[in-house]
Structures are given as C-alpha cells and as structure tokens.
Protein chains: 2
Amino acid sequence: MFELDFRSRKPIYEQICDKIKELIALGDLKTGEQLPAVRALAKEIGINHNTIQKAFAQLEREGVIISITGKGSFVSGDADHKAVFRQGALEEIARVIEKNLIYHITLEEVIETAAEVYRKSSEGQEGK
Amino acid sequence: MFELDFRSRKPIYEQICDKIKELIALGDLKTGEQLPAVRALAKEIGINHNTIQKAFAQLEREGVIISITGKGSFVSGDADHKAVFRQGALEEIARVIEKNLIYHITLEEVIETAAEVYRKSSEGQEGK
DNA sequence: GTAACTGTACCAACTGAAATAGTACAATTT
DNA sequence: AAATTGTACTATTTCAGTTGGTACAGTTAC
C-alpha cells in the first residue's frame with residue numbers, strides 16, 4: 001500500500017499524508033471507506049504506530065479523514081476531496097512558477113515545458 | 001544582501017546557495033566578480049562561518065563559484081550561468097507538474113494557472 | 001618579513017524535529 | 001469479557017544542522 005523514502009528530507013508522517021491523499025484522489029479510497037488501523041498499518045510498513053498516529057492526526061486536522069476511538073478512521077465525506085486536491089496541486093504549481101520568475105523564464109517556456117510533460121505522460125500510457 | 005528564513009525546513013546553507021544563484025541570475029553578481037569573504041558574510045548575516053563555508057563548498061561543487069585559498073571566492077566564468085539556472089528552473093517546474101499528474105489536472109488548467117501567475121506578476125511591475 | 005587577510009579543516013558541543021519504544025486508557029465491536 | 005479501535009503520555013534515541021573555537025596553508029599589503 002505504501003512506498004516510503006526513509007532517506008527523504010520529507011518526514012515519514014508527511015509522506016504518509018501525501019500517500020493517503022493520493023489514494024483518495026485516485027479513487028482507491030472512497031468517501032466513508034475505512035482506513036487501515038493505526039497499529040496494523042504501522043506493522044505493515046514497519047514503522048512505529050506513533051508515526052502513523054501523527055499522520056492521521058494531521059489528516060484529520062485537514063478534514064481529509066475522521067477518526068473515532070473504538071471504531072476506526074474513515075475518509076471524510078463532507079468535501080469533494082478530488083476537487084480540493086486538484087486545487088492544491090494547481091496552487092503548488094503556481095508557487096513553483098512564481099518562485100522561479102526571478103530567472104526570467106517566459107510564459108511560453110513554461111507552457112512548452114508543461115506540454116512536454118503531458119506529451120511524455122501520454123506516451124507512457126498509450127492504449128491504457 | 002540576504003534575507004533568510006531561520007524557521008524554514010530548508011537549511012540555511014541551502015538558502016544561501018539559492019540566494020547566490022539568484023544574485024548571479026539577476027546580474028548583481030557578474031562572472032569573475034569576488035564574493036564576500038566567508039567570515040565577513042557570516043558576521044553580516046549573523047551566523048557561523050562554517051555554515052557559509054558549507055554553502056560555498058556546495059556552490060563550488062556545482063561549478064557556480066571558484067574558491068582559492070588566500071584570494072577569495074569568485075563567480076565561475078566557464079558557463080553561462082543564466083542559461084543553466086533557467087534550465088534548472090524549467091526542470092523544477094516540470095517535476096512539480098509531473099508529481100501532480102496523479103490528481104488529473106489538465107494541461108489547459110496548468111497553462112491557465114501559469115498565465116495567471118504572469119498576469120499577477122506584470123500587474124505588480126507596471127511602469128517598471 | 002610580518003601582519004592581516006583569504007579559504008579550508010577539524011572537533012566538540014548543542015539544538016530541534018523526527019522517530020522509536022513502551023505503556024496506559026477510553027470507546028467500540030464481537 | 002476479550003479483542004480491537006483511536007488516543008495520550010513519557011522517556012529515549014537518532015540525525016542533520018548549526019554553533020564555537022582553534023588551527024593551518026596560501027595570498028596580499030605594508
């Protein structure tokens with residue numbers, strides 16, 4: 001269920017947050033669906049349960065999941081997750097472009113770069 | 001000369017690397033020009049000289065500057081820094097777009113996002 | 001030549017965030 | 001009742017980043 005990079009600068013608990021959001025965005029985790037138990041997931045990944053707990057607490061703060069003592073953790077249902085994640089993705093892209101404006105890249109170059117990404121992406125998925 | 005974020009997740013020495021590259025990209029530091037001395041810059045910013053040293057060592061590894069014991073550190077002259085930095089900027093943008101493809105954003109959305117960034121940017125510089 | 005400046009190289013110590021380990025408790029399910 | 005759930009708390013470890021201090025080699029200026 002998870003592939004983590006233990007050497008990354010990004011903390012494990014944040015990587016877990018990202019992965020969960022990813023699964024939701026992909027539809028692999030649907031609204032209301034139950035997530036793996038804290039301890040079970042920790043054992044599966046091979047990390048401490050406190051780290052999972054930290055990730056889940058974060059996700060709950062963000063409104064992505066809802067955790068109930070004794071029952072479990074579930075994908076929150078009060079928001080269109082996909083739309084929110086898409087918005088967040090676009091905002092991240094905007095931030096990176098903005099940060100790199102100092103290098104005087106043009107809008108045309110950015111568009112060409114983006115188009116190239118999509119070109120390569122569709123190549124890798126032909127016939128899918 | 002520098003504005004650093006001491007609360008950032010990004011280490012200070014990396015922020016310094018970025019700033020130096022930025023100054024070169026902006027033309028404020030030209031090829032062959034001498035950089036501030038390690039200790040002087042450390043004192044000015046208010047950090048330890050070892051941190052500056054770490055940043056300069058990194059920049060030399062990247063070929064951005066050349067340091068000579070006894071003389072000082074200078075902007076390297078064997079490359080077109082601006083072109084290199086622009087290329088790096090575009091690559092970073094490409095990476096972020098690629099990473100966010102999982103959220104099924106479209107090329108049109110990315111282009112619109114980029115255009116918006118440039119629109120806001122030019123607004124803030126009218127008459128410049 | 002020597003004093004003052006350069007970059008460089010150590011090393012010991014501190015700091016803070018992240019992660020671990022272990023235990024405990026409350027709520028729910030079976 | 002037993003097992004499972006999320007949650008809480010403390011102590012400990014780990015590691016990168018940073019600091020502080022010292023030392024040395026090469027260059028510049030007097």
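Here is how names work: the chains are called A, B, and so on, in the same order as the sequence lines, proteins then strands, and each is numbered from 1. Note that this is a predicted model, so its numbers are computed, not measured.
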For the side chain of [X] and the backbone of [Y], is there at least one donor-acceptor N/O pair under 3.5 Å apart?
X	Y	answer
A/Gln34	A/Ser73	no
B/Glu22	A/Ile102	no
A/Thr113	A/Glu109	yes
B/Ser122	B/Arg119	yes

In whole Å, I'd like the distance from the [atom1] atom of [X] to the [atom2] atom of [N].
X	N	atom1	atom2	value
B/Leu41	C/dG7	CG	C1'	14 Å
A/Leu4	C/dA18	CG	C1'	14 Å
A/Gln53	C/dT20	CD	P	14 Å
B/Asp5	D/dG17	CG	P	16 Å
A/Ile52	C/dA19	CD1	P	10 Å
B/Leu59	C/dT8	CG	P	11 Å
B/Ile66	C/dT8	CD1	P	11 Å
B/Ile68	C/dC5	CD1	C1'	15 Å

If every non-hydrogen atom of A/Arg86 is compared with every non-hydrogen atom of B/His104, which pair is closest and at what distance?
NH1-O, 2.9 Å
Nearest non-hydrogen partners of B/Lys21 and B/Phe85, listed with the distance
O-CE1, 3.4 Å
Verify the contact: side-chain N or O of B/Ser73 to OP1 or OP2 of C/dG7, cut-off strictly under 4.0 Å; return yes or no.
yes
Answer yes or no: does a side-chain N or O of B/Thr51 lie under 4.0 Å from OP1 or OP2 of D/dT19?
yes
Mind checking A/Gln34 for me? I need base, sugar-phosphate or nothing, with any heavy atom below 4.0 Å counting as a touch.
nothing
Please classify the nucleic acid contact of B/Gln15 as base, sugar-phosphate, or nothing, using heavy-atom distances under 4.0 Å.
nothing
Identify each atom pair where a protein N or O and an N or O of nucleotides 10-16 of chain D are less than 3.5 Å apart, giving names and distance.
none

5'-most contact on DNA chain C (nearest-nucleotide basis), B/Phe56 vs A/Lys10, goes to B/Phe56
The answer to which of A/Lys71 and A/Ile12 contacts DNA chain C further toward the 5' end, by nearest nucleotide, is A/Ile12
Between B/Asp5 and B/Lys10 (salt bridge meaning N to carboxylate O under 4.0 Å), is one present in this structure?
no
Candidates C/dT6, C/dT20, C/dA9 - which lies nearest the side chain of B/His49
C/dA9
If you check the A/Thr69 side chain, which of D/dT19, C/dA26, C/dT20 turns out closest?
C/dA26
